[in-house]
Amino acid sequence: MDLTTEKTTEWHLIRQFSNYPGYEFALVILNQPIIDEDLFKDIWSIAKTCVAADGGANHVYNLNKKSSRRGSHGTSPAGDYANLGTIIGDLDSLSDEARTFFTTQSATCTIIHDPDQYSTDFTKAVRLVRKKFPGKDIVCMGGLGGRVDQGLSQIHHLYLFQTSPTYADGKMFLLSGESLSFLLKAGKHRIHVREPDASVGNFVRMSGDPFAKYVGIIPIKEPSTITTKGLEWDVKDWPTEFGGQMSTSNHVLPETKVVEIETTKDVLFTIALKQAAERG
């Protein structure tokens, strides 16, 4: 494979999460613990809209109680995360406390009961965003954590909602306090992992160098052949598949600003976020 020809998809990850013009996104909060409030607060503050998938609203409510107790919301008695836009799902996980709070404290919050048992709450949330904001990127907070079956379901949704080879419906990201994951469609990609000149304002977690060195390129759906540049263990025309060889726990080189990847089939790309000790 040749990385110098054909159209390449550019991924400006730091701009994506730093309120740059042209990188607007909708936030979907999954029913997973939010382990990094600094990251969540940054993302929440710049999202075009915030949608909780059923029990995801419980985690927002719990964070809001914490913020209200410590008074970080300034003059607002409601808390930092009161302005949730929508809660959608079959609502079997939504607590009474969260339901009451978001219907009395947040005048803009809409609760949508969708009883369809053949689609997940995650699916319902994404479909809602796609309908209201066509082509908008989606950041799914919750990432790959918790139960294995839930984690696999989240990856399934990346494939389910990323059918366009050109991301015409918008890009999707799975974000947690530990990693960022997204789908690389068949073709060429340039992933900007360091942007030292990027202006990030007052964001706590994003800077010009927010990512740790660990990356993985995972052929979830089917075998692929990949070529990489910018990693410690680069490969060229390298077959990868489950049960065969796979690029996990690879490293971004210290001098690398852009990781280049070419793949013959869709693959999952995941990169670790620096933790507190690494950020200094």
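Owing to the predicted nature of the structure, the values given are computational and were not obtained by experimental measurement.
For His192, the side-chain hydrogen bond (donor to acceptor under 3.5 Å, both in side chains) partners two or more places apart in sequence, or in a different chain, are Glu10. Applying the ring pair (Phe, Tyr, Trp, His ring centres under 6.0 Å) test to Phe173 and every residue at least two apart in sequence or in another chain returns Trp11, Phe17, Phe182. Partners of Asp121 by salt bridge (Lys or Arg N to Asp or Glu O under 4.0 Å), not counting sequence neighbours, listed by chain and number: Lys124. Annotation: side chain to side chain contact (heavy atoms under 4.5 Å, CB included) contacts of Gln117 (sequence neighbours excluded): Asp90. Residues forming a ring pair (Phe, Tyr, Trp, His ring centres under 6.0 Å) with His251 (at least two apart in sequence, or on another chain): Tyr214, Trp233. Legend: residues meeting ring pair (Phe, Tyr, Trp, His ring centres under 6.0 Å) with His59, ordered by chain and number and at least two apart, are absent. Residues forming a side-chain hydrogen bond (donor to acceptor under 3.5 Å, both in side chains) with Thr240 (at least two apart in sequence, or on another chain): none. Every side chain to side chain contact (heavy atoms under 4.5 Å, CB included) that Arg127 has, sequence neighbours left out, goes to Ser119, Thr123, Phe161. Not counting sequence neighbours, the partners of Ser181 by the side chain to side chain contact (heavy atoms under 4.5 Å, CB included) test are Leu144, Leu174, Ser179, Leu268, Thr270. With sequence neighbours excluded, the residues that form a side-chain hydrogen bond (donor to acceptor under 3.5 Å, both in side chains) with Asp137 are Gln16. Residues forming a side chain to side chain contact (heavy atoms under 4.5 Å, CB included) with Phe242 (at least two apart in sequence, or on another chain): Ile218, Ile220, Met246. Under the rule for a side-chain hydrogen bond (donor to acceptor under 3.5 Å, both in side chains), Glu255 has no partner lying at least two apart in sequence or in another chain.
To the nearest 0.5 angstrom, Thr228 atom OG1 is 9.0 Å from Trp238 atom CH2.
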